[in-house]
Amino acid sequence: MTVIRADDLTQSVADALQYISYYHPPDFIRAMAAAYEREESPAAKAALAQVLANSRMCALGKRPICQDTGIVIVFLEVGMEVSWASWEGGESVDDMVNEGVRRAYLHADNVLRGSIVADPDGERVNTRDNTPAVIHTRIVPGDKLRVEVAAKGGGSEAKAKFTMLNPSDSVVDWILDTVPTMGAGWCPPGILGIGIGGSPEKAMLLAKEAMMGPIDIHDLIDRGAANRAEELRLELFDKVNALGIGAQGLGGLTTVLDVKVLEHPTHAANKPVAVIPNCTATRHVGFELDGSGPATFDPPDLADWPDVAYAPGDEVRRVDLDTVTRADTAAWRAGDTLLLSGRLLTGRDAAHKRLVDLIDRGEPLPVDFRNRFIYYVGPVDPVRDEVIGPAGPTTATRMDKFTRTMLEHTGLSGMIGKAERGPLAIDAIRDHGAVSLIAVGGAAYLIARAITRSTRLAFEDLGMEAIHEFEVRDMPVTVAVDCRGESVHITGPKIWAREIDNRIAAATLD
């Protein structure tokens, strides 16, 4: 029987989470670099450049790739020859894993953001140490403990979809109808995990597991499909990329880097299908414990990271946030690139809920929003000499329901987030002559370097969701929705879908 110490599992989980917080998997970086090289959409190429530059900075500086350091997902495969009596300390296996999560997220040299809230349909109080993890355990033959650890961002988790198809329905058709409804909040390009069969919960679990596999779609293209699941991968890879959604939903050639499929036998009356995207902050690593001590994680070869620097082009417009006027913002067009300098406010879901509640009760607000911009962000706490930790944008769409009230009652000029705005927000933006901007999701450390000062102003009890004032210098953003209501997330993918269709048609004629 294999004897594995409790602390070996705990420390291995902690080390794994620290490791994946700042190292992308090398296969992901190679796929992203290839996507960058072939991308022809200027907006998408600039977004990919920021993601790649950010990734290299994080690998060198050992700081989080994304401010959303994820909900921890752990898959355990426990060998039947690992005796439970050999575990020391008396804790459950879940306790050992969660202690590892706690150590990782409270690590003084690389603090990770606590994003987990207890009482999810009630007070939603942050647990502060990102526990508990979501843990899946299997008992399998053997004398080893195999562990896969992932940190999954909330923006991509929010886009998970499930359906129960009829047996004769097309999985391809459902996926192609579904992916455009996912918007850009999952920060494409990334990986689609697809689970087919079993029961509803099994299909979702298969989709999550599928994302943990290596990116090997181009190897599959070269050798050809050997079964129906591989045929499905190839078909979906081509057809999803032909949608033209592109990096950050701005329109472009690459929407997915790979499509992974896992299947399980199912009831004759059913065809459960789930799809879960993994984003530009893809983070997972596997390890094995055999009783000889904790796992070790060797740093990847930085030669795998392309030396890509983000450099705005000549068309960039420099903006002073302290003096910008409505007349200035009226000249901006959807798709314009801006470099922001000056002071901006921050606030996301919980802060917006409190602000709108105060407005509804006729009570004063703790912050003056007149002629200001608000950045939808929940930053990582700073370490050492940092002004703030990684501070990338959260999904702007979640603030749509608050947008009209904020614009009507606060004098707010504009907003900064990631991904598209829905019809409610676009209508409010147009009606009030405001603007919505996007920063690149997955470029959190790069963006943090543009923040020169941070002051907490209100709602300190909300932790990472408190309202701050940032002073920024040359923070790169793109106009997502201009004051006329034009959205780059609508126009960009349409343009590139037509372009890709034309190329396919031309190739067919040849």
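Quantities reported herein were computed from a predicted structural model and do not represent experimental measurements. Residue numbers start at 1 and run along the sequence shown.
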Ignoring hydrogens and geometry beyond distance, is a side-chain donor-acceptor pair present between Ser156 and Lys152 at under 3.5 Å? yes
Quick check: does any side chain N or O of Thr266 sit under 3.5 Å from a backbone N or O of Gly198, one acting as donor and the other as acceptor? yes
For Phe28, ring pair (Phe, Tyr, Trp, His ring centres under 6.0 Å) partners two or more places apart: His24
For Asp304, is there an ion pair with Arg30 - N to carboxylate O distance below 4.0 angstrom? yes
Between Asp15 and Gln11, does any side-chain donor sit less than 3.5 Å from a side-chain acceptor? yes
Ring pair (Phe, Tyr, Trp, His ring centres under 6.0 Å): which pairs involve residues 43-64, sequence neighbours left out? none
Least distance between heavy atoms, Ala210 atom then Gly193 atom: CB-CA, 4.1 Å
With a 3.5 Å cut-off and no angle check, do the side chains of Arg453 and Thr455 form a donor-acceptor pair? yes
By ring pair (Phe, Tyr, Trp, His ring centres under 6.0 Å), which residues pair with Phe297, not counting sequence neighbours? Tyr19, Phe287
Listing, residues 373-381 side-chain donor-acceptor contacts under 3.5 Å, not counting sequence neighbours, or none:
{"unit_1": "Tyr375", "atom_1": "OH", "unit_2": "Ala391", "atom_2": "O", "d": "2.6"}

Between the side chain of Glu420 and the main-chain N/O of Ala184, is any donor-acceptor distance below 3.5 Å? yes
Looking only at atom types and distance, does a side-chain atom of Glu465 sit under 3.5 Å from a main-chain N or O of Ala351, one as donor and one as acceptor? no
Here the ring pair (Phe, Tyr, Trp, His ring centres under 6.0 Å) pairs for residues 102-161, sequence neighbours left out, are Phe75-His136
For Arg103, the salt bridge (charged side-chain N to carboxylate O under 4.0 Å, His left out) test, sequence neighbours excluded, returns Asp7, Glu99
Is a donor on one side and an acceptor on the other found under 3.5 Å between the side chain of Lys161 and the backbone of Ile276? no
Test: side chain to side chain donor-acceptor pair (under 3.5 Å). Region: residues 178-194. Which pairs qualify, not counting sequence neighbours? Trp174-Thr178
Polar side-chain atom of Asn130 near backbone of Ser115 as donor-acceptor pair, under 3.5 Å: yes
Residue pairs involving residues 382-393 (criterion side chain to side chain donor-acceptor pair (under 3.5 Å); sequence neighbours excluded): Arg63-Glu386
Residues that Asp290 engages under salt bridge (charged side-chain N to carboxylate O under 4.0 Å, His left out), provided they are two or more places apart: none
Lys260 and Asp258: salt bridge (charged side-chain N to carboxylate O under 4.0 Å, His left out), yes or no, with the steps? CA-CA 6 Å; Lys260 313 296 285 187; Asp258 202 342; 3.7 Å; yes
Let's go through Thr394 and Asp68 carefully: what are the C-alpha distance in whole Å and the side-chain angles of both, what is the deciding distance for side-chain hydrogen bond (donor to acceptor under 3.5 Å, both in side chains) to 0.1 Å, and is it a yes or a no? CA-CA 8 Å; Thr394 198; Asp68 182 352; over 6 Å; no
Partners passing salt bridge (charged side-chain N to carboxylate O under 4.0 Å, His left out) against Asp461 (at least two apart in sequence or in another chain): Arg354
So, the side chain of Thr346 versus the backbone of His468: is there a donor-acceptor pair under 3.5 Å, distance only? yes
Distance-only side-chain donor-acceptor flag, Ser436 / Arg421, under 3.5 Å: yes
Go through the steps to decide whether Arg343 and Glu469 satisfy the test salt bridge (charged side-chain N to carboxylate O under 4.0 Å, His left out), and finish with yes or no. CA-CA 7 Å; Arg343 294 171 300 143; Glu469 182 179 72; 3.6 Å; yes
Expected output: side-chain Ser41 to main-chain Gly251 donor-acceptor under 3.5 Å: yes
Quick one: side chain to side chain donor-acceptor pair (under 3.5 Å) pairs with a partner in residues 200-209, sequence neighbours left out? Arg138-Glu209, Glu157-Lys208, Ser199-Glu201
Write down the atom of Val101, the atom of Val13, and the distance for their closest heavy-atom approach. N-CG1, 4.1 Å
Strictly by modelled atom types, are Ser92 and Asp95 linked by a side-chain donor-acceptor pair under 3.5 Å? yes
List the residues meeting side chain to side chain contact (heavy atoms under 4.5 Å, CB included) with Thr452, not counting sequence neighbours, and say none if there are none. Glu471, Arg473
For Lys353 and Asp349, run salt bridge (charged side-chain N to carboxylate O under 4.0 Å, His left out): C-alpha distance rounded to whole Å, both residues' side-chain angles, the deciding distance at 0.1 Å, then the answer. CA-CA 6 Å; Lys353 176 66 167 61; Asp349 310 62; over 6 Å; no
